[in-house]
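Inspection log for the structure reproduced underneath, given as C-alpha cells.
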Amino acid sequence: QVQLVESGGGLVQAGGSLRLSCAASGRAVSTSVMAWFRQAPGKEREFVAAFMWSRGITAYADSVKGRFTISRDNAKNTVYLQMNSLNPEDTAHYYCAAGDLLRPRTSDYLYWGQGTQVTVSS
C-alpha cells in the first residue's frame, strides 16, 4: 500500500514561516523524486519544489525560490518543505507527490497525498 501523509499546515501571518512534512510508506519510498505541489481555489495545481534524493538535486518554482527549502530525512522516509517569508499568495492546499522524474508536471508523479492547507493572512 502506498501512502504519503502530509502534515504541518495551518494559519500564519504574512512574513511568517511553516514547515510541512510528508511521510512516505509503501512503494512511494522506492521512488527517486519527492515533490510538493499546491492548488489554490479556482486554480490549477502547480509545482512548488522537488528533490531527487539519490543525487541531491533540488528544483523550485520561481515564485518560491529563496523562500522555500525542500529536504528529506532518509531515515524517516520523510520530505520537508520549509516555507519562510510567506505571503497571502502562498495560500493553497499543499500536496506531496512521489515519482521518478524531476519534472514540474503533475502527470509525472505516481503517488499523491491528501494534502494540507496553508493559509497566510495579510
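Pairing each heavy atom of S17 with each of N84, the nearest pair is OG-OD1, 2.9 Å. A28 and Q3 get closest at one heavy-atom pair: CB-O, 4.2 Å. D73 approaches Y80 most closely through the heavy-atom pair CB-CE1, 3.8 Å. Shown here for K65 and D62, the closest heavy-atom pair between the two residues is NZ-OD1, 3.2 Å. The minimum heavy-atom distance between L18 and L86, with the atom names listed, is N-CD1, 3.9 Å. The two residues F37 and A35 come nearest to each other via the heavy atoms CE1-CB, 4.0 Å.
Y109 places a side-chain heavy atom less than 4.5 Å from the side chain of V33. Put simply, the side chain of V48 does not reach to within 4.5 Å of the side chain of M83, judged on heavy atoms. Annotation: side chain of T91 is in contact with side chain of Q117 (closest heavy-atom distance under 4.5 Å). Using a 4.5 Å heavy-atom threshold, the side chains of L4 and Y95 count as separate. Put simply, the side chain of N77 reaches to within 4.5 Å of the side chain of R72, judged on heavy atoms. Counting heavy atoms from C-beta on, the side chains of R67 and Y60 never come closer than 4.5 Å. Within the 4.5 Å cutoff, the side chain of C96 has heavy atoms near those of the W36 side chain. At a threshold of 4.5 Å between non-hydrogen side-chain atoms, the residues W53 and V79 do not count as touching.
The distance from atom CG of L20 to atom CD of Q82, rounded to the nearest 0.5 Å, is 9.0 Å. Remark: T69 OG1 to R19 CZ distance equals 11.5 Å, nearest 0.5 Å. A distance of 7.0 Å separates CG in D90 from OG in S63, rounded to the nearest 0.5 Å. Rounding to the nearest 0.5 Å gives a distance of 10.0 Å between OG1 of T119 and NE2 of H93.
With E6 contributing its side chain and Q114 its backbone, the two residues share a donor-acceptor pair below 3.5 Å.
Both Y111 and L81 are part of a single hydrophobic cluster, where members link through side-chain heavy atoms under 4.5 Å apart. Hydrophobic clustering of Ile, Leu, Val, Met, Phe, Trp and Tyr side chains at less than 4.5 Å, counting indirect connections, keeps L110 apart from L101. M52 and F47 end up in the same hydrophobic cluster when Ile, Leu, Val, Met, Phe, Trp and Tyr side chains are linked at under 4.5 Å.
The aromatic rings of F68 and Y94 sit tilted, their planes meeting at an angle between 30° and 60°.
Side chain to side chain, T31 and D100 fail the donor-acceptor criterion of an N or O pair below 3.5 Å.
Residue pairs meeting the side-chain hydrogen bond (donor to acceptor under 3.5 Å, both in side chains) criterion with at least one member in residues 39-51, sequence neighbours excluded: R38-E46, Q39-R45.
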